[in-house]
Amino acid sequence: MSNVHSAVSALFDPIDLGPLHLKNRIVMAPMTRTFSPGNVPNDLVVAYYARRAENEVGLIITEGTCVNHKASNGYPRVPFIYGDAPLAGWKKVVDAVHAKGGKIAPQLWHVGAIRKENTGADPDPSVPGYSPSGLVRPGVENGVAMSKDDIAEVIEAFAQAAEDSKRIGFDAVEVHGAHGYLIDQFFWAGSNQRTDEYGGDLVGRTRFACDIVAAIRKRVGPDFPIIFRFSQWKQQDYNARLCNTPEELAAFLQPLVDAGVDIFHCSTRRFWEKEFEGSDLNLAGWTKKLTGKPVITVGSVGLNASFIDEDKRDMVDASGVATASIDQLGERMANGEFELVAVGRALLQDPEWVPKVKAGRYDELSDYNKDALKQLV
Ligand SMILES: Cc1cc2nc3c(=O)[nH]c(=O)nc-3n(C[C@H](O)[C@H](O)[C@H](O)COP(=O)(O)O)c2cc1C
């Protein structure tokens with residue numbers, strides 16, 4: 001490995017995670033791009049992902065892609081993962097990524113109460129948001145509180161999406177349980193006030209996610225990797241927390257492990273922040289320590305500002321390059337805190353980010369600017 005910049009050499013060790021062989025530890029973070037007219041990933045989307053695979057990203061996690069439920073989507077032009085045309089589009093993406101030597105997992109998504117009526121989201125904009133208790137955040141109502149039948153329908157939609165993903169050649173699936181969308185609305189006491197088995201204490205509030213994971217596992221078999229993304233923070237409240245102590249985190253994670261999660265994707269906005277007092281471990285580090293499962297860390301890798309501007313309550317406009325954080329990442333991975341790292345904006349800004357980091361060509365990295373969102377590829 002003499003051609004690898006030594007500070008980051010751990011990022012370039014191959015790894016086997018069950019049947020998933022990855023050539024390095026770098027994951028493309030899931031990023032919604034709204035570039036799929038008619039909810040179908042088109043040739044531009046194919047080229048966008050193929051370009052990251054060609055440039056040595058070990059595992060691509062796609063933008064959130066909506067499962068087959070009338071209220072799963074909250075935005076125009078996001079890709080679906082049901083129906084002939086979207087699945088055919090995704091198959092082209094998968095084949096192109098494989099042709100470039102990459103691996104790829106779709107991020108399976110339901111937005112829940114983030115969906116607002118008549119804001120342009122397909123397939124039928126008049127459908128309201130669906131959520132555990134009809135709340136998008138504490139005290140703020142939006143849409144419909146889900147019945148048991150609604151819950152069963154959504155679980156089935158995730159399971160079918162995973163089965164279809166496997167059939168068309170994806171290498172794994174990721175379940176989007178983070179950032180205040182539907183699954184996280186079940187996790188969060190602030191939006192889940194149910195008194196049935198899908199509500200109650202923290203463990204009760206994991207049941208919906210566990211039922212989804214177990215249903216997926218039944219349909220994809222024992223050897224198909226299920227990645228689960230979760231976060232403490234919510235888009236509704238950046239300071240929200242599901243777990244305040246390692247004990248609570250352990251209680252939250254164990255049911256998900258038992259349901260069949262293989263890899264946890266621990267979403268934080270700054271990977272270097274410690275999760276609990278008394279230890280430098282971040283959320284991914286704690287998750288690995290408590291579950292023994294492989295983990296993905298994420299958050300401002302190579303950049304000096306998080307992707308959210310908390311004052312504006314919107315995406316940040318720009319971030320400078322921060323190469324010291326890349327070296328710190330390499331060290332922490334070498335120390336075994338986490339197995340994989342997801343990189344978001346840096347890979348939007350520069351599709352060649354991975355080979356540049358690998359060779360220590362830090363002077364060629366560029367600052368992130370939101371203009372990178374205006375085009376694909
Ligand atoms: C444009 C954009 C779209 C995003 N869309 C999603 C998404 O669909 N699903 C998701 O879980 N996270 C999404 N995120 C969050 C990223 O996956 C990632 O966690 C975040 O950008 C932090 O990584 P970074 O600092 O390397 O950009 C998005 C982020 C950006 C910048």
Side-chain angles (χ1 to χ4, degrees), residues 11 26-36 39 41 45 48-49 52 57 59-67 72-81 105-112 114-115 121 173-184 227-235 238 264-273 282-284 295-310 312 314-322 325-326 329 338 340-351 353-354 357 365 367-376:
L11 270 56
I26 295 167
V27 176
M28 182 173 178
M31 283 176 287
T32 292
R33 302 304 313 274
T34 63
F35 272 97
S36 294
N39 314 108
V45 177
Y48 163 73
Y49 287 116
R52 271 69 188 177
V57 170
L59 173 66
I60 290 168
I61 300 177
T62 72
E63 60 206 288
T65 177
C66 297
V67 301
S72 62
N73 176 28
Y75 309 93
R77 296 182 310 282
V78 303
F80 290 170
I81 187 118
Q107 188 188 50
L108 308 182
W109 191 25
H110 191 305
V111 302
I114 295 296
R115 179 185 173 95
V173 288
E174 174 167 288
V175 176
H176 192 343
H179 305 171
Y181 291 110
L182 181 65
I183 293 174
D184 202 18
I227 306 167
F228 191 91
R229 192 173 221 212
F230 74 100
S231 61
Q232 299 261 37
W233 67 272
K234 324 287 160 221
Q235 62 196 286
Y238 300 129
F264 284 101
H265 188 171
C266 311
S267 176
T268 50
R269 284 163 289 156
R270 290 166 284 265
F271 80 86
W272 55 85
E273 288 181 348
N282 71 11
L283 183 63
V295 291
I296 309 173
T297 193
V298 63
S300 305
V301 171
L303 297 174
N304 63 13
S306 130
F307 82 110
I308 285 179
D309 182 325
E310 300 192 13
K312 271 197 340 187
D314 203 352
M315 297 258 183
V316 78
D317 290 342
S319 307
V321 170
S325 86
I326 303 176
L329 179 77
F338 30 72
L340 301 171
V341 57
V343 179
R345 289 163 297 154
L347 276 172
L348 294 185
Q349 185 69 41
D350 185 355
W353 189 86
V354 180
V357 168
L365 300 176
D367 295 348
Y368 169 78
N369 184 288
K370 67 171 179 189
D371 287 346
L373 297 177
K374 289 190 187 146
Q375 57 185 33
L376 271 187

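Indexing begins at 1, ligand by ligand and atom by atom, following the structure's order.
Residue contacts with ligand 1: Gly299 is included, with a non-hydrogen atom under 4.0 Å away. Remark: distances from the non-hydrogen atoms of Ser300 to ligand 1 include one below 4.0 Å.
Of all the heavy atoms of Arg33, none lies under 4.0 Å from any atom of ligand 1, so neither backbone nor side chain is involved.
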>> Checking Asn282 against Thr297 for the side-chain hydrogen bond (donor to acceptor under 3.5 Å, both in side chains) test, could you report, in this order, the C-alpha distance in whole Å, the side-chain angles of both residues, the deciding distance, and whether it holds?
In response: CA-CA 8 Å; Asn282 71 11; Thr297 193; 3.0 Å; yes
> After noting the C-alpha distance and the side-chain angles of Tyr238 and Arg269, does the key distance pass the side-chain hydrogen bond (donor to acceptor under 3.5 Å, both in side chains) rule?
Replying inline: CA-CA 10 Å; Tyr238 300 129; Arg269 284 163 289 156; over 6 Å; no
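Distance alone, capped at 3.5 Å, places no donor-acceptor pair between the Thr32 side chain and the Glu63 backbone. Distance alone, capped at 3.5 Å, places no donor-acceptor pair between the Arg77 side chain and the Phe35 backbone.
Of the polar atoms of Gln107, at least one N or O is found under 3.5 Å from an N or O of ligand 1, judged by distance alone. Ligand 1 has no N or O atom lying under 3.5 Å from any N or O atom of Glu174, backbone or side chain. No N or O atom of Trp109 sits closer than 3.5 Å to an N or O atom of ligand 1.
Every atom of ligand 1 is numbered from 1 in the order shown, and the set under 4.0 Å from a heavy atom of Val298 is 19 (O), 23 (O). Close contacts of ligand 1 with Ala29, meaning ligand atoms under 4.0 Å from a residue heavy atom, involve 17 (O). Close contacts of ligand 1 with Arg345, meaning ligand atoms under 4.0 Å from a residue heavy atom, involve 24 (P), 25 (O), 26 (O), 27 (O), 31 (C). Per-residue contacts place Leu373 under 4.0 angstrom from the following atoms of ligand 1 (heavy atoms of the residue considered): 1 (C).
Other residues, nucleotides and ligands contribute only 12 or fewer heavy atoms inside 6.0 Å of the NZ atom of Lys374.
Using bins of under 30°, 30° to 60° and over 60° for the plane-to-plane angle, the ring pair Trp233/His179 lands in the parallel bin.
Proximity annotation for atom 5 (N) of ligand 1: of Ile296, Thr32, Val316, Val27, Thr32 comes nearest, heavy atoms only. The option with the heavy atom closest to atom 19 (O) of ligand 1, from among His179, Arg229, Arg269, Gln235, is Arg229.
The protein atom (non-hydrogen) at minimum distance from atom 2 (C) of ligand 1 is Met315 CE, 3.6 Å. Scanning the protein for heavy atoms near atom 26 (O) of ligand 1, the closest one is Gly344 N, 2.9 Å. Residue, atom and distance of the protein heavy atom nearest to atom 21 (O) of ligand 1 are Phe307 CG, 3.5 Å. The protein atom (non-hydrogen) at minimum distance from atom 7 (C) of ligand 1 is Pro30 O, 3.5 Å.
Ser267 is not listed as a side-chain neighbour of Phe230, based on a closest heavy-atom distance of 4.5 Å or more. Contact annotation: the side chain of Gln349 never approaches that of Ser319 to less than 4.5 Å [non-hydrogen atoms, C-beta and beyond].
Exactly one of Leu340, Ile60, Leu11 qualifies for a side-chain contact (heavy atoms from CB on, under 4.5 Å) with Ile26. That residue is Leu11. The side-chain contact (heavy atoms from CB on, under 4.5 Å) with Glu174 is formed by just one residue from the set Thr62, Ile61, Thr65; it is Ile61.
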